[in-house]
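First the structure, in the form of structure tokens, and then the observations on it.
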Amino acid sequence: MDEQALMGLNPNADACYRQRALAYFEQLKESLDGWEVCAEALAKGVYSDDHVKFFCFQVLEHQIKFRHGSLTAAQQQLIRETLMKWLQAQLMNVHPEKPFIRNKAAQVLALTFVMEYLTLWPKFFFDILNLVGLNPNGVDIYLRTLMAIDAEVVDRDILHSPEETRRNTLIKDSMREQCIPALVESWFQILQTYQHTHSELTCQCLEVVGAFVSWIDLNLIANDRFVNLLLSHMSMEELREEACDCLFEIVNKGMDPVDKTKLVESLCQVLQSAGFFNIEQEEDVDFLAKFSRLANGMGQSLVLSWTKLSKMGDVKLSAETLRAVEAKVPLMLQLLIHEDDDISANIVGFCYDYLHVLKQLPALNEQQKSNVEAVMLAVMNKLKYDDEYNFENEGEDEAMFVEYRKQLKMLLDRLAQVSPELLLEAVHRVFNATMQNWQTVQFMEVEVAIRLLYMLGEALPASHGAHFSGDTTKTSTLQAMMRTLISCGVSEYQHSSVTLEFFETVVRYDKFFLVEPHHIPSVLMAFLDHRGLRHSSPKVRSRVAYLFSRFIKTLHKHMNAFIEDILGRIQDLLELAPPENGFLALLSSDDQLFMFETAGVLIVNGESPAERKQALMRSLLTPLMEAFRMLLAKMPQEVDEERQAALADCLSHAVGFASRTSKAFSNKQTVKQCGCSEVYLDCLQSFLPALSCPVQRGPLRSAVRSFLHRMIICLEEEVLPFIPAASQHMLKDCEPKDLQEFIPLISQITAKFKNQVSPFLQEIFMPLVMAIFETLSRPAEENDQTAALEKQMLRRSYFSFIQTIASSGMNEVMASQGAENIERVLFTIIQGAVDFPDPIAQKTCFIILSRLVELWGGKDGLVGFPDFIYKHIVPACFMAPLKPTFDLSDAQTVLTLSECTLTLHMIHLKRGPECIQFLQEYLPSLQVSPEITQELCQVVQQPDVKVLKNYMKVFFQQAKL
């Protein structure tokens with residue numbers, strides 16, 4: 001072997017050696033007999049370097065995986081001998097190989113097994129067992145090989161081809177017939193031999209049993225001698241967790257419901273008499289987490305048996321199984337309430353299923369009712385935060401608790417389905433008790449009490465949040481709790497989790513204030529003072545800004561008396577934060593967006609006359625315009641790029657804030673009706689100069705473009721005078737992304753104003769098209785994925801722009817561009833339909849062609865267009881689907897074919913018999929037989945286009961065979 005290349009296998013070797021090693025690896029993999037050198041090195045133990053041994057196994061693995069079929073019988077025999085010799089050498093080793101080498105060897109053995117077991121090596125397991133006996137090094141490789149075989153043949157998480165799945169089924173069937181009893185016997189011997197002396201091997205063996213039990217005969221494992229052995233392991237500290245997992249797999253095995261119940265019951269009996277149900281005496285939480293998973297598996301298995309037996313209508317057996325389920329509830333509750341959340345989380349599945357069983361029963365007996373209450377109390381307790389929870393800097397532990405809380409919420413929702421009255425009553429009780437003494441209670445108690453009230457909102461059904469109408473018990477209880485929440489002063493509690501829960505709940509039940517509006521002022525004050533928007537925690541302020549906007553949106557009709565007071569109190573929160581570093585605003589710019597929207601909603605929905613609304617809107621937006629002008633003037637003088645970016649950021653925020661206020665308008669309250677048109681036109685005048693700013697063009701153009709989109713909706717035709725100049729600026733020196741984002745703006749104007757903007761579109765059409773062509777023709781590096789994607793997106797935008805013009809009935813825009821330009825544009829559409837393998841763009845192109853045929857393809861259409869139809873459009877309808885890249889198994893491509901067919905249909909509608917005559921001459925040039933040509937021509941003449949669509953799909957499928 002190339003010794004210098006082998007030096008490069010060491011991770012610490014120089015780069016040149018590592019390169020050489022990689023090249024050598026490729027060379028050995030590709031050469032027909034290079035692998036034999038590696039096989040010999042392994043069999044004879046030539047190398048002591050771990051990396052070289054690993055390398056040799058990798059070369060061997062490649063041969064088995066990709067070349068096995070082409071090896072001679074002698075070479076296949078050599079592989080088997082190599083592996084067995086290597087394995088034999090392991091038996092003598094004083095120091096076993098490193099785990100990564102043992103794992104790789106096991107993978108290679110497993111691959112060889114998969115390739116040869118059914119044909120060449122049926123004695124695979126017997127050969128290995130005869131060789132290794134109970135030698136610990138040998139047993140280790142044997143067990144690792146079994147786990148590797150499990151990964152190759154059984155593991156359901158690994159995707160297999162249908163061929164592999166068939167092969168795996170055959171392997172399992174053969175193993176069941178030939179060797180499984182011998183394997184099970186070997187496991188028993190290993191467990192018995194090493195349980196006291198070699199815990200690592202014993203645990204490995206238990207893992208193997210757990211993996212294989214799902215598909216072998218359960219009686220081989222679920223018998224006295226095996227189960228007793230497993231139970232004895234449950235009492236050994238080093239084995240108990242793995243033994244638990246093994247029992248879990250046994251319990252989880254799919255089987256007949258009656259047998260499953262018997263199995264679980266006998267296992268439970270043994271575990272209970274061995275004292276495992278006495279949870280409080282067990283201190284090892286890792287073991288308890290595993291035991292909880294086992295208990296969960298047993299419980300869920302019994303529930304599944306009950307469900308099957310109930311469906312079969314077996315009253316006696318299903319009643320027995322239900323009693324078995326109920327008998328596990330005390331254990332379930334002990335685990336659910338355990339202070340360790342992992343232990344509790346592992347039993348939630350059984351708990352959920354048990355509640356589902358109760359939901360299906362006609363009525364609950366006293367014991368079942370008290371079980372429901374016990375689950376309810378457990379959930380309420382476990383929802384509480386603990387002292388260690390870090391609210392300021394949430395890490396992995398906190399994320400896990402949030403996940404666990406979601407599981408508890410599912411239980412609470414299920415409890416509400418089983419017994420809504422009970423849940424409402426329990427929450428009411430806990431809530432009242434806590435709110436009476438909130439000043440002296442720990443934060444987690446207060447938080448959970450409010451949280452429970454919040455959770456009722458989802459647990460108890462109500463359409464569109466109408467919790468305060470309908471069922472009087474429910475509405476009066478919820479109303480009473482809301483009254484208490486607002487009036488007891490708990491919003492003053494000094495902990496951010498309580499504060500947030502207070503505001504979340506107030507907004508969740510905002511409809512309460514429609515019923516009792518006199519509570520609005522006190523809640524408004526909480527939002528506006530140190531409890532809400534002025535809170536010391538940025539996290540609270542940020543969330544409250546969003547919640548406040550929701551609160552105002554729902555209740556804007558009740559805000560008339562407070563509008564100017566609120567606007568005065570939040571004025572400083574509506575200031576544009578200067579781009580100076582180190583300036584700490586109370587709210588981030590994202591949070592301020594909600595504040596501006598809230599201010600807009602208050603002004604627009606107030607009952608004051610239009611002049612007053614205009615004045616308020618002006619005082620809201622003027623500071624933004626002034627700051628914008630001042631910062632924009634600074635921009636060109638700024639040389640430092642970071643400062644430029646900070647200024648651009650600030651300018652974008654100003655435009656974004658102004659834009660956000662306009663969201664308050666609606667069809668009932670338009671900008672015009674509120675007298676605010678002038679204010680927004682002034683904004684436009686202030687913002688548009690940013691388009692010609694020589695630096696930071698990307699972010700500034702993007703911001704102004706978004707504002708224009710909003711103004712087209714809000715100001716309607718009043719915005720039109722600004723469009724030509726804005727467009728001119730945006731077309732100067734633009735990047736593909738700029739153009740791609742500019743086109744939707746022009747399309748929006750086209751679709752909205754149609755003929756009103758026809759003169760402008762006629763003027764801008766060719767400059768825009770030329771800018772697109774120029775950008776698309778720029779050379780890009782071959783492997784530049786980003787540039788290729790940008791061009792693809794720009795091409796799509798260009799075609800959808802042409803589609804908008806064509807479908808808005810504004811053919812004069814294109815018709816007025818002169819014959820040469822029209823032809824140029826038409827060729828790009830033909831090219832888009834045929835040459836680029838992008839079904840989304842191709843579909844758009846065929847929609848355009850179909851529309852143009854409809855507009856210009858008749859008797860009084862565009863001069864010369866019928867000629868273009870036959871020279872280019874008809875051939876495109878055949879050339880595009882015949883391309884090898886046109887994949888008829890792809891849904892998007894099928895839609896393209898549908899549009900292509902509609903184009904052909906439209907040509908026949910417009911040109912009649914002349915079209916059929918052309919097809920009869922054209923199709924033979926594509927090697928279409930006379931019979932098929934006739935057939936296709938007949939189908940094209942059918943009035944029902946569906947017939948043509950189906951025919952064309954089959955036609956192209958046949959043509960591609």
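The structure presented is a predicted model; accordingly, all values stated were derived computationally and were not measured.
Residues passing the salt bridge (Lys or Arg N to Asp or Glu O under 4.0 Å) test with Lys311: none are found, sequence neighbours excluded.
Atom CZ of Arg156 is surrounded by 12 or fewer heavy atoms from other residues, nucleotides or ligands within 6.0 Å. Within 6.0 Å of the CD atom in Glu30, the count of heavy atoms belonging to other residues, nucleotides or ligands exceeds 12. When the shell of 6.0 Å around NZ of Lys663 is examined, it contains 12 or fewer heavy atoms from other residues, nucleotides or ligands.
Between Phe687 and Val655, some side-chain heavy-atom pair lies under the 4.5 Å cut-off. Taking the side chain as every heavy atom from C-beta outward, Val154 and Asn168 never approach each other to under 4.5 Å. A 4.5 Å side-chain heavy-atom check between Gln842 and Phe886 finds at least one atom pair inside the cut-off.
For the residue pair Ser797/Gln740, the side-chain donor-acceptor check at 3.5 Å is not satisfied. For the residue pair His908 / Gln941, no side-chain donor-acceptor distance below 3.5 Å is found, with atom types taken as modelled. A donor and an acceptor atom, one from each side chain of Thr901 and Tyr951, are nowhere located under 3.5 Å apart. Side chain to side chain, Arg795 and Gln792 fail the donor-acceptor criterion of an N or O pair below 3.5 Å. Checked by atom type, the side-chain pair Ser662/Arg710 shows a donor-acceptor distance below 3.5 Å. A donor-acceptor pair shorter than 3.5 Å can be found between the side chains of Lys949 and Ser898. Donor-acceptor pairing under 3.5 Å is lacking for the side chains of Gln817 and Gln762.
Using the six-membered ring where Trp is involved, Phe66 and His62 have ring planes that are tilted, between 30° and 60° apart. Aromatic ring orientation, Phe956 versus Phe878: tilted (interplanar angle from 30° to 60°). Between Phe918 and Tyr870, the two ring planes are tilted [angle within 30° to 60°].
Phe868 and Phe827 have their aromatic ring centers within a separation under 6.0 angstrom.
Using modelled atom types, no side-chain atom of Thr670 and backbone atom of Asn667 make a donor-acceptor pair closer than 3.5 Å.
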Please tabulate, for side-chain N and O atoms in residues 718-731, each donor-acceptor pair with protein atoms closer than 3.5 Å (sequence neighbours left out).
{"from": "Glu718", "atom 1": "OE2", "to": "Ser677", "atom 2": "OG", "distance (Å)": "3.2"}
{"from": "Ser727", "atom 1": "OG", "to": "Ile723", "atom 2": "O", "distance (Å)": "2.9"}

